[in-house]
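Everything below concerns the one structure shown next.
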Amino acid sequence: MGPTEREAGAATPARERGTGTAGAGSAPAAPAAPLRLAAEGRELRVTHPDRLLWRDPPVTKRAYLAYLARVAPLMLPWLRGRPLVVTRYPGGVEAPGFYQKETPAGRPAWVRTVTLTGRRPVRYVVCDDLPTLLWLGSQAVVEFHPWNAPVEHPHRPDWAVIDLDPQPPLGLREALELALDLRPLLAGLGLPAFPKLSGGRGLHLFLPLEPRYDEREVQRFVRSLGELALRRWPGRVTLERAVARRGARIYVDFLQNGPGRTMVAVFSPRPRPGAPVSFPLAWEEVGRLAAEIPTDSHRYTLLTVPSLLEAGAGRAWTGFWQARSPLPLPPGHGRQEPGGAQRGGGSPSCPT
DNA sequence: GGGAATT
DNA sequence: AATTCCCAACGCGGC
DNA sequence: GCCGCG
């Protein structure tokens, strides 16, 4: 989804919805005063606290900040120490939004940034703490896309991502089923995988990695995993870039592992109707959900900003950071081997 | 959402 | 003073 | 070459 998308026919800009204003004859609806917030000794100004970021279900900026504060303990570990790319929707998620890499101007002095030079130098936000998270929320940041690598070694990702994107009429159910079949295959390669709901139709598998490979190597490896899955389940899996050629299969998007590419963080909301959230699952839940969700449920929404605000954040993956794995690279994979053109592009060996 | 550039 | 602009990016494959 | 794609 591009951040500039908008819901068909919903051009109405988000408007201030009076906060009740029990106003018996009181002053004419005062333009909502900026809210003052303090967190961990940092002070924050929040304009338009009652603006609706999502209309259905209704989520005001104020409620959104409460959500972020609530999930912060579980969310921050996935943002901390990484360059952050965000999408922002200052007019609400039904109005156009935009990607932002460069740190928004006017940041408080205590917001950490890091400048990385690719084609051009970019000063990224590094969201290490609650005040920074809330400041981003106050800036109408809706999606959090941390780099796959930490600032200390930005070109040595410490996780790989397998993005399972079911093409309608397939839906979450089918993505969960594929993940369940992928799991033993990955385990056979010594790769524990951690699943999360994308917040859209699909599922993301995170594979904790020893940070010794560059983005290209990781991307090549995940592509070869996709090819393996494609050979094994040709009717269920596709690696096609062109939507028209994907058919009713699960698109395995390995390109998300490339240089400078990002994946939406755990607990990041999505700028879609329903205020869905990308949510970490335990494998038992993957199995349970696969059994519960109706087939072809390509619109299934499980967890939302309001539901998590109400019920609490749940839990995180356990053991992720202890599981960092080496990639089972065949000899020569990813290394310039003088004259040693190996066949097959380095597919992982597969216990068939 | 807000700073900068443009009218 | 008011309005508009700007906020990523890049390679790959199909045509 | 341009477009769509993520």
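Hydrogens, waters and symmetry mates are skipped; everything else that's a heavy atom, side chains included, is used. What you see is a predicted model, and the numbers here were worked out from it, not measured in a lab. Lettering follows sequence order; numbering is per chain, from 1.
- Residue contacts for A/Val243: at a heavy-atom cut-off of 4.0 Å it reaches the sugar-phosphate backbone alone, with no base atom in range.
- Each of A/Phe194, A/Phe320, A/Trp147, A/Phe144 was scored for a ring pair (Phe, Tyr, Trp, His ring centres under 6.0 Å) with A/Trp78, with one residue passing: A/Phe320.
- Stacking annotation: A/Phe98 is stacked on the base of B/dG1 (ring centroids less than 5.5 angstrom apart, interplanar angle below 30 degrees).
- One can place CH2 of A/Trp147 at 12 Å from C1' of C/dA9, the figure rounded to the nearest angstrom.
- Atom CG in A/Asn148 sits about 18 Å away from atom P in D/dG6, given to the nearest Å.
- The OH atom of A/Tyr99 sits 12 Å away from the P atom of C/dA8 (whole-angstrom rounding).
- Residue contacts shown for A/Arg119 are limited to sugar-phosphate atoms, with no base heavy atom under 4.0 Å away.
- Taking only side-chain atoms of A/Arg245, from C-beta outward, the nucleotide of C/dG14, D/dG6, C/dA9 with the closest atom is C/dG14.
- With salt bridges taken as basic N to acidic carboxylate O contacts below 4.0 Å, none links A/Arg42 and A/Glu40.
- Taking CG of A/Leu239 as the start and CD of A/Glu227 as the end, the distance is 6.0 Å to the nearest 0.5 Å.
- Side-chain nitrogen and oxygen atoms of A/Arg51 include at least one within less than 4.0 Å of the OP1 or OP2 phosphate oxygen of B/dG1.
- Considering only the side chain of A/Lys101, C/dA8 comes nearest among D/dC5, C/dG11, C/dA8.
- What separates CH2 of A/Trp135 from P of B/dG2 is a distance of 10 Å, to the nearest Å.
- Backbone-only engagement by A/Arg246 is indicated by non-hydrogen atom pairs under 4.0 Å involving sugar-phosphate atoms exclusively.
- When the P atom is used for both B/dA5 and C/dA8, the distance is 16 Å, rounded to whole Å.
- Rounded to whole angstrom, the span from the CD atom of A/Gln256 across to the C1' atom of C/dC10 amounts to 13 Å.
- When the C1' atom of C/dA8 is taken as reference, atom CD of A/Glu143 falls 13 Å away, rounded to whole Å.
- For A/Gln139, the listed nucleotide lying nearest its side chain is B/dG2; candidates were C/dA8, B/dG2, D/dG6.
- For A/Arg288 and A/Glu292, the salt-bridge test fails: no basic side-chain N is under 4.0 Å from an acidic carboxylate O.
- With a 6.0 Å radius and a threshold of 12 heavy atoms from other residues, nucleotides or ligands, A/Gln322 has its CD atom above the threshold.
- Listed pair A/Arg223 / C/dC12 fails the phosphate criterion, with no side-chain N or O lying under 4.0 Å from OP1 or OP2.
- Listed candidates were C/dA9, B/dG1, C/dG11. Nearest to the side chain of A/Arg241 is C/dG11.
- Within a 6.0 Å radius of CZ in A/Arg120, no more than 12 heavy atoms belonging to other residues, nucleotides or ligands are found.
- A/Glu102 has its CD atom 6 Å from the P atom of C/dA8, to the nearest Å.
- For the pair A/Ser138 and B/dG1, the criterion of a side-chain N or O lying under 4.0 Å from OP1 or OP2 is not met.
- Comparing the same atom, C1', in D/dC3 and in C/dA9 gives a spacing of 15 Å after rounding to whole Å.
- Taking atom CZ of A/Arg270 as the reference point, atom P of D/dG6 lies 13 Å away to the nearest angstrom.
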